[in-house]
Amino acid sequence: MMQQPPPGGVAPPSSMTNDPSQTQQYQQQPQSQPWMMTSQQQQAGQPVPPPAGWNPQPVPPPSQMQQYSAGSAATGSGEIRSLWIGDLQPWMDENYIISIFAQTGEVVSTKVIRNKQTGLSEGYGFIEFVSRAAAERVLQSYNGLPMPSAEQVFRLNWAALGYGEKRQEEGPEYTIFVGDLAADVSDYMLQETFKAVYPSVKGAKVVTDRTTGRSKGYGFVKFGDESEQIRSMTEMNGMYCSNRAMRIGPAASKKPATDQQYPKGHQEALILGGLELISAEMIPL
DNA sequence: GGTGAGCGC
């Protein structure tokens, strides 16, 4: 039950990833990757350099690093310039995060959320940038890439909740279940794979084991358009994402989307005062 | 292998 903490030294990043399927294909070659066909905005200025090797520095005790309060990310203008980062290992502290993004020169602060009682990391944190554009550049370029000294990839997203403004609420969502995912498929890769075919795709999520950061081999894709969701279930079934054919199925809805269907197909609710309505179709013989 | 989770602890 040991994970491998980098004890101040360089942890062997991929000592056990000899799996040929683990090739770093999802790295820096946008034009050659089908799922990246949508070159996100031309990054004004210089693109964010890929995380090279992170230089492990002596890790100060947690007690010394409580000062990063990212606090109100939405100031004045109300623009969101913070990212949420998840799947953090217990040893991934503020310094680790800062080291990674320091080269952008645009990080204002970072904060790892810890349990009040135990002081242990809750596995997620926040990174505040000088501007929304800066945050977006990092979101687009780092998401899905391998994290330094770890055998997992970055899981980044906008820090949205709690700061009003900008929240979704763009209508119902239709989700599908996607199984048989290759081990290297990330949220972003999965999303782009579908978005390339279905414009209404809103997002995708690969389920991972929080303690290892490894994919559990399945995930979900959300659509804004129901017809696309339905079509995708047949059209994308068996299609490849990375090096494995996906298996698609309906998702057990977890979020009641606006107009939830009746769980069992019962129509009891239709008893609007007239038993006549309940005709033969309701009564299985 | 299989129907998530993760928003300021």
Side-chain angles (χ1 to χ4, degrees), chain A residues 19 21 62-63 65-75 80-90 92-94 97 107-129 135 139 143-144 147 152-169 173-191 194 202-223 229 232-233 237 241 244-257 260-261 263:
Chain A
D19 184 342
S21 66
S63 52
M65 20 198 330
Q66 308 288 21
Q67 306 302 59
Y68 294 98
S69 107
S72 48
T75 58
I80 298 176
R81 2 179 276 263
S82 289
L83 296 182
W84 177 93
I85 180 170
D87 285 355
L88 296 178
Q89 297 301 317
M92 295 176 174
D93 56 18
E94 284 85 350
I97 297 174
V107 175
V108 172
S109 65
T110 69
K111 180 181 185 180
V112 171
I113 304 305
R114 297 190 173 79
N115 182 286
K116 271 295 202 322
Q117 281 77 45
T118 68
L120 264 40
S121 167
E122 292 287 349
Y124 70 91
F126 297 90
I127 311 167
E128 182 183 2
F129 293 84
L139 176 61
N143 219 356
M147 294 181 77
Q152 63 184 266
V153 299
F154 282 104
R155 168 116 37 189
L156 295 163
N157 213 324
W158 284 109
L161 306 186
Y163 288 107
E165 159 105 283
K166 194 58 182 184
R167 218 23 205 169
Q168 61 214 91
E169 199 53 69
E173 294 178 337
Y174 306 94
T175 306
I176 60 171
F177 171 87
V178 183
D180 285 4
L181 289 177
D184 66 317
V185 174
S186 66
D187 291 358
Y188 188 62
M189 194 191 299
L190 183 60
Q191 171 179 321
F194 278 80
K202 288 183 170 179
K205 160 132 194 159
V206 173
V207 178
T208 59
D209 181 327
R210 233 260 279 170
T211 62
T212 65
R214 289 221 227 291
S215 167
K216 286 187 175 175
Y218 66 89
F220 303 86
V221 178
K222 286 191 307 189
F223 297 77
Q229 173 216 29
S232 76
M233 290 203 268
N237 193 40
C241 185
R244 191 175 178 192
M246 300 180 284
R247 175 171 309 188
I248 302 182
S253 68
K254 170 183 202 179
K255 286 191 165 181
Q260 195 62 37
Q261 296 291 33

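Letters A, B, ... mirror the listed sequences (proteins, then strands); counts begin at 1. Since we're looking at a predicted model, the values are computed, not measured.
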Counting side-chain heavy atoms from C-beta on, which of [options] comes nearest to [X]?
| X | options | value |
| --- | --- | --- |
| A:Lys216 | B:dT3, B:dG1, B:dC7 | B:dG1 |
| A:Asp187 | B:dC7, B:dG2, B:dG6 | B:dG6 |
| A:Tyr124 | B:dG4, B:dC7, B:dT3 | B:dC7 |
| A:Phe220 | B:dG6, B:dG8, B:dT3 | B:dT3 |
| A:Ala251 | B:dG2, B:dT3, B:dG8 | B:dT3 |
| A:Val207 | B:dG4, B:dG6, B:dG8 | B:dG4 |
| A:Lys205 | B:dG4, B:dG8, B:dC7 | B:dG4 |
| A:Ala252 | B:dT3, B:dG1, B:dG6 | B:dT3 |
| A:Ser82 | B:dG8, B:dG6, B:dG4 | B:dG8 |

May I have the distance from [X] (atom [atom1]) to [N] (atom [atom2]), rounded to whole angstrom?
| X | N | atom1 | atom2 | result |
| --- | --- | --- | --- | --- |
| A:Leu181 | B:dG4 | CG | C1' | 12 Å |
| A:Leu120 | B:dC9 | CG | C1' | 12 Å |
| A:Ile248 | B:dG2 | CD1 | C1' | 14 Å |
| A:Leu156 | B:dA5 | CG | C1' | 16 Å |
| A:Leu83 | B:dG6 | CG | P | 18 Å |
| A:Glu173 | B:dG4 | CD | C1' | 13 Å |
| A:Ile80 | B:dC7 | CD1 | C1' | 11 Å |
| A:Arg247 | B:dT3 | CZ | P | 13 Å |

Reading DNA chain B from 5' onward, which residue's closest nucleotide shows up sooner: A:Ile113 or A:Asp87? A:Asp87

Heavy-atom nearest nucleotide on DNA chain B taken for A:Thr175 and for A:Glu122; more 5' hit belongs to A:Thr175

Any heavy-atom pair between the side chains of [Y] and [X] that's under 4.5 Å?
| X | Y | result |
| --- | --- | --- |
| A:Lys205 | A:Thr175 | no |
| A:Gln152 | A:Arg214 | no |
| A:Met246 | A:Leu181 | yes |
| A:Ile176 | A:Val178 | yes |

Select base, sugar-phosphate, or nothing to describe what [X] touches, counting heavy atoms under 4.0 Å on all strands.
| X | answer |
| --- | --- |
| A:Ser121 | nothing |
| A:Asp180 | base |
| A:Thr208 | nothing |

Check this for me: does any side-chain nitrogen of one of A:Glu94 and A:Lys111 sit under 4.0 Å from a carboxylate oxygen of the other? no

Whether A:Tyr218 stacks on the six-membered ring of B:dG1 base, 5.5 Å and 30° limits: no

For A:Phe194, the ring pair (Phe, Tyr, Trp, His ring centres under 6.0 Å) test, sequence neighbours excluded, returns none

Glycosidic torsion of B:dG6 (syn if within 90° of 0, anti otherwise) classifies it as anti

